[in-house]
Amino acid sequence: MEYNFRAIEQKWQQHWADSNAYTVTNDASKPKYYVLDMFPYPSGAGLHVGHPLGYIASDIFARYKRLKGFNVLHPMGYDAFGLPAEQYALEHGVHPAVSTAKNIGTFRGQLDKIGFSFDWSRQVNTSEPRYYKWTQWIFLQLFNSWYNRASNKTEKIDTLIVAFEKDGNAAHPIPAFGKAQADNSIHFPERFTAEQWKSFDEKTQQAILMEYRVAYCGYGEVNWCEALGTVLANDEVVNGVSERGGYPVIKKRLRQWYLRITEYGDRLLQGLQTVDFSDAMKEMQSNWIGKSSGAEITFELISPSLPEKGLGDEVIDHSPLTIDVYTTRPDTIFGVDFMVLAPEHELVMEIVSDEQRAAVEEYVAYVKSRSERERMAEKKISGVFTGAYAQHPFSDRKIPIWISEYVLAGYGTGAIMAVPSGDERDHKFAQHFNIPITNIFGDAYTGEDAVTSKDLVLHDSDFVNGMKAKEAIEAVIDKLVAQGIGTRKTNFKIRDAAFSRQRYWGEPFPIKWVDGVAYPLPESALPLELPHVEQYGPGKEGEGPLSEVKDWTERNLETNTMPGYAGSSWYFLRYMDPHNDTEFASKSATDYWRQVDLYVGGTEHAVGHLLYSRMWTKALYDLGLISFDEPFKRLLNQGMIQGSSRFVYRVRGSNQYVSAGLKDQYEVDEIRVDVNFVDGVEMDTEAFRKWKPDFSDAEFILENGKYICGSEVEKMSKSKFNTVNPDVLVEKYGADTFRMYEMFLGPVEMSKPWDTKGIEGVHRFLKKLWRLFYNEAGLQVTNEAPTKDELKVLHKTIKKIEEDTERFSFNTSVSSFMIAVNELSDLKCTKKDILAPLLVLLAPYAPHVSAELWSAIGNEGSILDAPFPAFHAEYLVEASKEYPVSINGKTRAQIDIALDATEEQVQALVLANETVQKWMEGKPLRKLVFVKGRMINVVV
RNA sequence: GCCCCGGUGGCGAAACUGGUAGACGCAGCAGACUCAAAAUCUGCCAUUGGCAACAAUGUGCCGGUUCGAUUCCGGCCCGGGGCACCA
């Protein structure tokens with residue numbers, strides 16, 4: 001009987017679907033295990049072989065855990081809202097709801113063929129009202145919350161109102177004053193008393209509360225993408241252009257919704273220590289959060305109204321202007337030679353001298369005109385002196401104040417103290433503008449480069465002379481605090497996340513505007529359904545398409561929609577209880593499933609999705625809605641599968657195509673060809689002629705009778721003709737072969753180019769496995785007792801598969817299966833006691849063929865729930881190899897031995913070993929030295 | 001520029017806390033079966049020298065630690081990824 005994979009796979013996929021074999025219950029009696037894939041947005045392009053890589057890895061692991069006796073949650077769904085889905089719809093002139101539904105259909109069909117164990121009864125789709133009802137609901141929780149820095153927790157906004165009524169905001173200063181003012185006409189002080197609070201009208205009170213809300217609306221500099229007609233979050237902008245489409249992005253001041261993720265910076269950083277992410281991932285996240293510590297120092301301005309100018313009488317008697325700077329190196333304070341303000345700094349126009357005013361205005365205008373992209377592309381040194389001076393806090397030096405675009409308005413205080421001898425950028429700036437440099441590092445500073453080491457003693461630095469950075473930083477901060485002119489300060493690079501899009505295809509905000517105040521809709525109004533519109537392209541400047549919907553604007557509803565990451569920030573919770581109509585997920589469900597034990601996906605979401613979901617989880621945790629504050633316990637990043645493109649070489653001006661080895665003899669043009677009719681590098685010239693009409697009468701200049709293509713590894717994409725469709729491979733070799741081959745390519749975490757060539761080897765393995773069971777005469781499996789050799793093969797394999805699967809080394813697992821089948825073939829093993837457990841081991845990797853053979857040899861029950869075979873070390877205990885070694889003239893033997901052997905077993909084995917006996921020559925055994933798990937040194 | 005990760009046959013790769021480097025697979029070569037082909041099976045397959053047994057060399061390069069280094073340490077070269085005026 002032949003291995004008929006098509007019939008087998010169809011039969012079992014049907015069987016498992018009909019019997020709901022993958023449906024899981026929230027069964028608290030079994031230990032749980034949650035394996036999650038990053039859900040896809042259903043693009044219309046269809047899958048290529050790179051897409052299922054992570055899904056196959058997670059499927060193997062989920063099936064493995066199930067065999068190990070866990071109740072495994074392994075769901076799948078669709079991230080259907082957001083820019084990619086909408087852009088696809090726009091490009092194809094179809095309504096996003098229609099294209100999304102169609103793409104989901106295609107996607108599902110492709111996935112089903114590969115034989116995944118997803119519990120589709122738990123499927124979620126972020127664009128369905130019954131799902132986004134709860135996205136909106138969670139948004140309302142965030143809107144109705146504030147971050148209490150004192151308790152370090154997200155709390156209900158009511159608790160803040162109570163605090164205001166009692167003590168004003170003395171204990172809870174506004175986190176970023178002015179940031180949340182959507183309406184510039186409302187004014188309120190930064191600090192207020194209880195009485196003041198009570199005296200404010202509703203509008204002012206609401207404006208104040210907005211300054212605290214975790215989800216808030218305000219004016220801010222946002223990344224505006226004209227081509228996409230929307231605002232983008234920082235992580236959606238790469239090198240000054242949009243991540244999606246590569247369109248230019250400019251800074252623009254707009255009304256925007258934000259998430260106050262900055263308040264969670266410290267916890268997001270600390271939480272990284274409790275999760276199992278790769279070092280690279282943790283580093284990317286901590287770089288993005290960008291915590292630094294130092295001091296904020298107040299510099300006092302020297303009044304420009306100097307006596308010789310004769311303006312003395314005119315000066316109003318207010319206290320002198322001050323400028324706060326942030327520095328991580330307060331120890332270098334005696335090296336301050338100038339200060340620099342960001343051109344956007346609010347004091348620039350106040351401090352500028354009359355002589356410098358024109359130059360400063362010109363420079364500010366110039367900076368404003370420059371796009372983000374230009375700034376990044378040409379980092380030339382630029383700046384202007386303001387004509388103003390500040391007083392050095394500890395000496396009588398006059399510090400000139402400059403402005404320059406190298407100082408960013410959005411970080412720290414938007415102003416710095418410049419220490420050219422201790423900072424590269426300050427050094428270059430000083431050199432460029434010929435500002436004299438004070439050396440505080442003695443001989444270590446040569447005048448060429450700034451000294452950035454923290455391990456050198458300071459010179460010419462008054463009370464910190466002779467100290468190294470660490471000590472001096474403390475000394476300076478102490479003195480600043482004592483004099484009331486500075487504080488210890490921590491800063492974060494992370495900014496609040498822009499949470500609104502001026503687009504159609506997203507969750508509507510459950511917010512209503514009344515007289516310039518945002519009010520939440522009542523829960524009973526959820527879901528607030530996205531209205532159907534015909535015109536869903538970008539709307540008028542700063543406003544989304546919803547602003548064109550009359551019914552919508554009449555109800556004064558918010559016209560922005562939520563960004564793509566809204567729905568994906570909590571979907572892992574919905575899988576736990578997907579049909580719940582009264583809660584986003586019941587507490588009992590979230591308490592049972594808790595964190596995702598294994599999350600599989602690409603690294604591209606490092607600073608977007610992963611950070612946002614971590615933040616949402618922390619907020620929900622603080623509010624008592626779930627009982628864990630990190631969503632993902634362990635993260636596995638699968639590598640990218642690259643395409644391997646093929647080229648032909650057309651002799652210029654002809655229809656002759658020359659093989660790669662001979663192309664240097666001609667003047668040629670390089671043309672991409674579809675990899676699917678190239679076998680390795682040898683092209684099927686007939687298929688090429690048929691490919692496009694242009695090539696139908698192509699002639700070929702061959703080498704050794706073959707046409708050899710050129711090749712290059714690049715990203716897999718349709719336009720490069722290097723995509724390989726999994727459907728084709730599944731049709732030709734079967735899902736089991738495809739799954740195992742994807743794993744066999746190399747470590748999952750590693751990026752590698754796709755190469756179809758080797759798939760035959762894996763297919764041969766499955767055929768060989770099949771022949772252990774069946775020959776021409778039929779089923780050969782017997783109930784005879786296995787031999788020692790057969791048991792050894794089995795248990796060696798159990799051990800390998802278990803270890804390798806646990807550490808995600810799926811490629812070596814596949815090799816181990818091949819070795820096992822080769823060895824059992826050599827032993828002509830047909831024993832059920834060996835083959836049945838082997839099938840269980842194989843079931844996660846090649847579920848269909850395993851199930852077929854498992855039932856063929858008369859096993860009861862489903863292989864999906866068969867117990868994972870137990871490993872017995874005693875079958876492996878025997879010396880397999882000896883190596884004589886001479887060390888320092890003494891003879892030693894090294895013996896390879898079973899890993900799990902007990903000490904007595906080792907003793908017995910060593911003494912029985914022939915080689916050792918020979919060396920010992922009757923002398924007593926002196927010492928056994930374990931060298932490495934399974935190796936021992938014998939000292940005679 | 002800074003921070004990660006990697007560099008092993010013709011190719012994809014393995015070697016888990018230092019212990020026979022190249023498992024397993026692809027490609028290649030030789031052979032068996034066959035009228036023939038496919039399928040299958042067997043053997044060979046790092047480099048150099050040799051008919052051979054064998055010998056020498058060999059995990060990007062240079063040096064170190066060790067009885068022993070792909071693995072650990074120091075310095076360099078190359079490739080991939082991330083960050084990039086964050087004071």
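Note on naming: letters A, B, ... go to the chains in the order of the sequence lines (proteins, then strands), and numbering restarts at 1 for each one.
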Check this for me, if you would: do [X] and [Y] make a salt bridge, where the nitrogen-to-carboxylate-oxygen distance has to be below 4.0 angstrom?
X	Y	answer
D331(A)	R329(A)	yes
E803(A)	K799(A)	yes
E823(A)	K796(A)	yes
K767(A)	E760(A)	no

Interface polar pairs with nucleotides 32-41 of chain B, N/O, under 3.5 angstrom:
residue : atom : partner : partner atom : Å
U40(B)  : O3'  : R771(A) : NH2          : 3.1
C41(B)  : OP1  : R771(A) : NH2          : 3.2

Do the side-chain N and O atoms of [X] and [Y] include a donor-acceptor pair separated by under 3.5 angstrom?
X	Y	answer
Y774(A)	E2(A)	no
D324(A)	T413(A)	no
Y326(A)	T490(A)	no
D804(A)	T812(A)	yes

Would you indicate what [X] reaches in the nucleic acid, counting non-hydrogen atoms under 4.0 angstrom: base, sugar-phosphate, or nothing?
X	value
V762(A)	nothing
D804(A)	nothing
N822(A)	sugar-phosphate

Kindly assign one of parallel, tilted or perpendicular to the pair [X] and [Y], based on the angle between their ring planes and the thresholds 30° and 60°.
X	Y	value
W754(A)	Y741(A)	perpendicular
Y406(A)	F429(A)	tilted
Y733(A)	H763(A)	perpendicular
Y445(A)	H427(A)	perpendicular

Problem set entry | Heavy atoms of other groups near K282(A) NZ, more than 12 under 6.0 Å | yes
Exercise. By side chain to side chain donor-acceptor pair (under 3.5 Å), which residues pair with T438(A), not counting sequence neighbours?
Worked result: D337(A), R397(A)
Problem set entry | Partners meeting side chain to side chain donor-acceptor pair (under 3.5 Å) with S717(A) (sequence neighbours left out) |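 Expected list: S719(A).
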Atom-pair distance ([atom1] on [X]; [atom2] on [N]), nearest Å:
X	N	atom1	atom2	result
E283(A)	G82(B)	CD	C1'	8 Å
Y741(A)	A13(B)	OH	P	10 Å
M640(A)	C5(B)	CE	C1'	15 Å
F492(A)	C83(B)	CZ	P	20 Å
K493(A)	A87(B)	NZ	P	7 Å
I494(A)	C83(B)	CD1	P	14 Å
Q285(A)	C83(B)	CD	C1'	14 Å
D324(A)	A87(B)	CG	P	17 Å

Exercise. How should the glycosidic conformation of G9(B) be described, syn or anti, under the criterion that syn lies within 90° of 0?
Worked result: syn
For this session: Specify the residue among V607(A) and T327(A) whose closest nucleotide of RNA chain B lies further upstream toward the 5′ end.
Result: V607(A)
Exercise. Relative to the 5' end of RNA chain B, which residue comes earlier, S816(A) or K800(A), by the nucleotide with the nearest heavy atom?
Worked result: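 Final value for this comparison: K800(A).
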Work out how far the [atom1] atom of [N] is from that of [M], and round it to whole angstrom.
N	M	atom1	value
G63(B)	U70(B)	P	15 Å
A14(B)	G31(B)	C1'	29 Å
G6(B)	A23(B)	P	23 Å
C73(B)	C16(B)	P	16 Å
C4(B)	A87(B)	C1'	24 Å
A27(B)	C11(B)	P	16 Å
C72(B)	G18(B)	C1'	8 Å
G12(B)	U17(B)	C1'	27 Å

Exercise. Could you go step by step and tell me if Y64(A) and S813(A) meet the side-chain hydrogen bond (donor to acceptor under 3.5 Å, both in side chains) rule?
Worked result: CA-CA 12 Å; Y64(A) 164 79; S813(A) 277; over 6 Å; no
For this session: Please tell me which of the listed nucleotides, A27(B), C4(B), A23(B), lies nearest to the side chain of I819(A)?
Result: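 Of A27(B), C4(B), A23(B), A23(B) is nearest to the side chain of I819(A).
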For this session: When you get a sec, tell me which of C16(B), A27(B), A14(B) is the closest nucleotide to the side chain of K757(A)?
Result: A27(B)
Problem set entry | ring-ring contact (aromatic ring centres under 6.0 Å, His included) partners for F299(A), two or more places apart | none
For this session: Treat a base pair as Watson-Crick or G-U wobble with both distances under 3.5 Å, then lay out RNA chain B in dot-bracket form, 5' to 3', with | for cross-strand pairs.
Result: (((((((..(((......[....))).(((((.......))))).((((....))))..(((((..]....))))))))))))....
Problem set entry | Protein-to-nucleotide contact annotation, 5' to 3' order, nucleotides 6-12 of chain B [B base; S sugar-phosphate only; - none; under 4.0 Å, heavy atom] | ------B
For this session: Kindly write out the residues that satisfy side chain to side chain contact (heavy atoms under 4.5 Å, CB included) with N822(A), not counting sequence neighbours, or none if the list is empty.
Result: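 Side chain to side chain contact (heavy atoms under 4.5 Å, CB included) check on N822(A) returns K768(A).
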Exercise. Roughly how far apart are F338(A) CZ and I401(A) CD1, rounded to 0.5 Å?
Worked result: 12.0 Å
Residues from [range] sitting under 4.0 Å of RNA chain B, heavy atoms only?
range	result
residues 287-298 of chain A	S292(A)
residues 328-342 of chain A	T328(A), R329(A)
residues 411-423 of chain A	Y411(A), I416(A)

Exercise. Among all residues two or more places apart in sequence or in another chain, which pass the salt bridge (Lys or Arg N to Asp or Glu O under 4.0 Å) test with D266(A)?
Worked result: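 If we apply the salt bridge (Lys or Arg N to Asp or Glu O under 4.0 Å) test to D266(A), skipping adjacent residues, the hits are K291(A).
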Exercise. How would you list, by chain and number, every residue that makes a salt bridge (Lys or Arg N to Asp or Glu O under 4.0 Å) with R614(A), sequence neighbours excluded?
Worked result: E630(A)
